[in-house]
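The structure displayed is predicted, hence computed values, not measured ones.
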Amino acid sequence: MNPATPLNIERCWNFIGIEGDRSCPQLATYTHCRNCPVYSTAGRYLLERSIPEDYRHQWTELLAKSRTDENSQISHALRTTQMTVVIFRLQREWLALSAQIFKEISPPSVVHTLPHRSNQILRGLVSIRGELRLCISLSDLLNLETADTAVQTLSPVVYSRMVVLEKADKTWVFGVDELYGVHRFHRDELQDPPKSLTQTYTKGLFHWQPAVSQMERSHSVSYLDDELLFTTLARKVL
């Protein structure tokens with residue numbers, strides 16, 4: 001057997017050795033190529049060989065390209081990532097909040113006012129599964145106009161609900177006039193809200209058409225900023 005050289009370093013075991021046709025006479029002695037001195041010598045040669053002059057440059061370019069491609073893929077994924085929200089109606093407005101902050105949805109409960117504390121935003125306390133929670137009026141916080149005429153609904157029979165939101169150990173309860181449920185849309189469908197709207201808490205708008213409903217056309221839904229919402233409630237109520 002010839003010693004390992006750049007010419008035969010990948011030929012011995014790949015062609016006549018354990019990975020080849022196994023015709024190497026040394027297999028009877030060493031059983032496997034990894035036990036053969038030629039294999040060990042080849043390994044030392046690979047570890048001790050000189051680094052090519054452009055080795056670092058080639059790997060720098062390769063890693064830089066890989067990182068650029070990875071960042072591009074991440075950026076594309078963020079633009080096309082599906083967002084999961086819960087859609088509900090207050091007065092005439094269809095609104096949405098991230099589904100991650102919804103803890104519970106329950107039937108309407110009696111709201112107990114707090115002496116010298118209750119106001120238009122803070123309605124009082126409400127019992128949710130035996131636990132007292134602060135109940136607010138999201139309509140008053142968002143300055144939504146009261147609907148004095150008929151509102152187009154999803155179905156002929158509408159049931160109001162109370163929703164429980166939880167984020168960063170803060171919990172708030174508020175009533176909704178109508179609840180659609182979970183909806184998914186792509187992030188790139190989100191549009192900037194018109195400046196004419198009083199949408200301080202709105203991240204953007206998206207168009208939504210329920211699969212089965214009394215609605216004949218799509219509606220714009222305001223996607224609310226839950227971070228700003230919770231921060232404002234903590235400042236104005238607590």
Query raised in the report: Does the ring centre of W94 sit less than 6.0 Å away from the ring centre of Y180?
Result: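 Ring centroids of Y180 and W94 are no less than 6.0 Å from each other.
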Requested in this report: Assess the pair H32 and Y39: is the distance between their ring centroids shorter than 6.0 Å?
Outcome: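 No, too far apart.
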Would you mind writing out the side-chain donor-acceptor pairs for residues 229-238 within the sub-3.5 Å range, not counting sequence neighbours?
{"residue": "T231", "atom": "OG1", "partner": "E227", "partner atom": "O", "Å": "2.8"}
{"residue": "T232", "atom": "OG1", "partner": "L228", "partner atom": "O", "Å": "2.8"}

Report yes if some heavy atom in the side chain of [X] is under 4.5 Å from a heavy atom in the side chain of [Y]; otherwise report no.
X: P108; Y: S160; value: yes
X: C33; Y: L27; value: yes
X: N119; Y: L122; value: yes
X: M83; Y: Y223; value: yes
X: T202; Y: L224; value: yes
X: L179; Y: Y159; value: no
X: V164; Y: T171; value: yes
X: N143; Y: T200; value: no

Query raised in the report: Between I121 and S137, does a side chain to side chain contact (heavy atoms under 4.5 Å, CB included) hold up when you go through it step by step?
Result: CA-CA 5 Å; I121 296 179; S137 171; 5.8 Å; no
Identify the two heavy atoms, one from [X] and one from [Y], that lie closest to each other, and give their separation to 0.1 Å.
X: S220; Y: H207; value: OG-CE1, 3.4 Å
X: V126; Y: V110; value: CG2-O, 3.7 Å
X: G204; Y: L190; value: C-CD1, 3.9 Å
X: I128; Y: S106; value: CD1-OG, 3.7 Å
X: L144; Y: E93; value: CD2-CG, 3.7 Å

Query raised in the report: Do K167 and W172 pass the side chain to side chain contact (heavy atoms under 4.5 Å, CB included) test, and can you show the C-alpha distance, the side-chain angles, and the key distance before you say yes or no?
Result: CA-CA 9 Å; K167 184 182 178 70; W172 299 99; over 6 Å; no
Query - Summary of salt bridge (Lys or Arg N to Asp or Glu O under 4.0 Å) pairs that have at least one residue in residues 98-121, sequence neighbours excluded - result: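 Every pair satisfying salt bridge (Lys or Arg N to Asp or Glu O under 4.0 Å) with a residue in residues 98-121: K103-E166, E104-R129.
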Requested in this report: Sequence neighbours left out, what pairs pass salt bridge (Lys or Arg N to Asp or Glu O under 4.0 Å) with at least one residue falling in residues 15-38?
Outcome: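 Matches after skipping sequence neighbours: none remain.
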Query raised in the report: Okay, side chain of D225, backbone of K203: is any donor-acceptor separation there less than 3.5 Å?
Result: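 It does not hold such a pair.
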Query raised in the report: So, D177 side chain and Q91 main chain: donor-acceptor pair closer than 3.5 Å or not?
Result: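 Yes, because the side chain of D177 sits within donor-acceptor range (under 3.5 Å) of the backbone of Q91.
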Spacing of [atom1] belonging to [X] relative to [atom2] belonging to [Y], to within rounding of 0.5 Å:
X: I87; Y: E178; atom1: CD1; atom2: CD; answer: 11.5 Å
X: Q26; Y: I16; atom1: CD; atom2: CD1; answer: 9.0 Å
X: Y201; Y: L138; atom1: OH; atom2: CG; answer: 9.5 Å
X: L95; Y: L142; atom1: CG; atom2: CG; answer: 6.5 Å
X: R184; Y: Q82; atom1: CZ; atom2: CD; answer: 6.5 Å
X: C24; Y: F15; atom1: SG; atom2: CZ; answer: 14.0 Å

Requested in this report: Just do the side chain to side chain contact (heavy atoms under 4.5 Å, CB included) check on L97 and L165 with the steps written out, would you?
Outcome: CA-CA 10 Å; L97 279 164; L165 306 183; 3.7 Å; yes
Query raised in the report: For F102, what residues pass the ring-ring contact (aromatic ring centres under 6.0 Å, His included) criterion, not counting sequence neighbours?
Result: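 If we apply the ring-ring contact (aromatic ring centres under 6.0 Å, His included) test to F102, skipping adjacent residues, there are no hits.
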Query raised in the report: Who pairs with F174 by ring-ring contact (aromatic ring centres under 6.0 Å, His included), at least two apart in sequence or on another chain?
Result: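 Applying ring-ring contact (aromatic ring centres under 6.0 Å, His included) to F174 gives F88.
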Answer yes or no: are there more than 12 heavy-atom neighbours, outside [X] itself, under 6.0 Å from its atom [atom1]?
X: R133; atom1: CZ; answer: yes
X: D192; atom1: CG; answer: no
X: F185; atom1: CZ; answer: yes

**Report entry** L134-V173 co-clustered via ILVMFWY side chain contacts under 4.5 Å
**Finding:**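 They do not share one cluster, since no chain of ILVMFWY contacts under 4.5 Å joins L134 to V173.
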**Report entry** R187 bridged to E189 by N-O distance under 4.0 Å
**Finding:**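 No, this pair does not count.
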Report task. Just jot down the side-chain hydrogen bond (donor to acceptor under 3.5 Å, both in side chains) partners of H112, sequence neighbours excluded, or say none. Result ->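 H112 satisfies side-chain hydrogen bond (donor to acceptor under 3.5 Å, both in side chains) with no other residue.
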**Report entry** Check against side chain to side chain contact (heavy atoms under 4.5 Å, CB included), V221 and L205
**Finding:** CA-CA 5 Å; V221 179; L205 304 176; over 6 Å; no
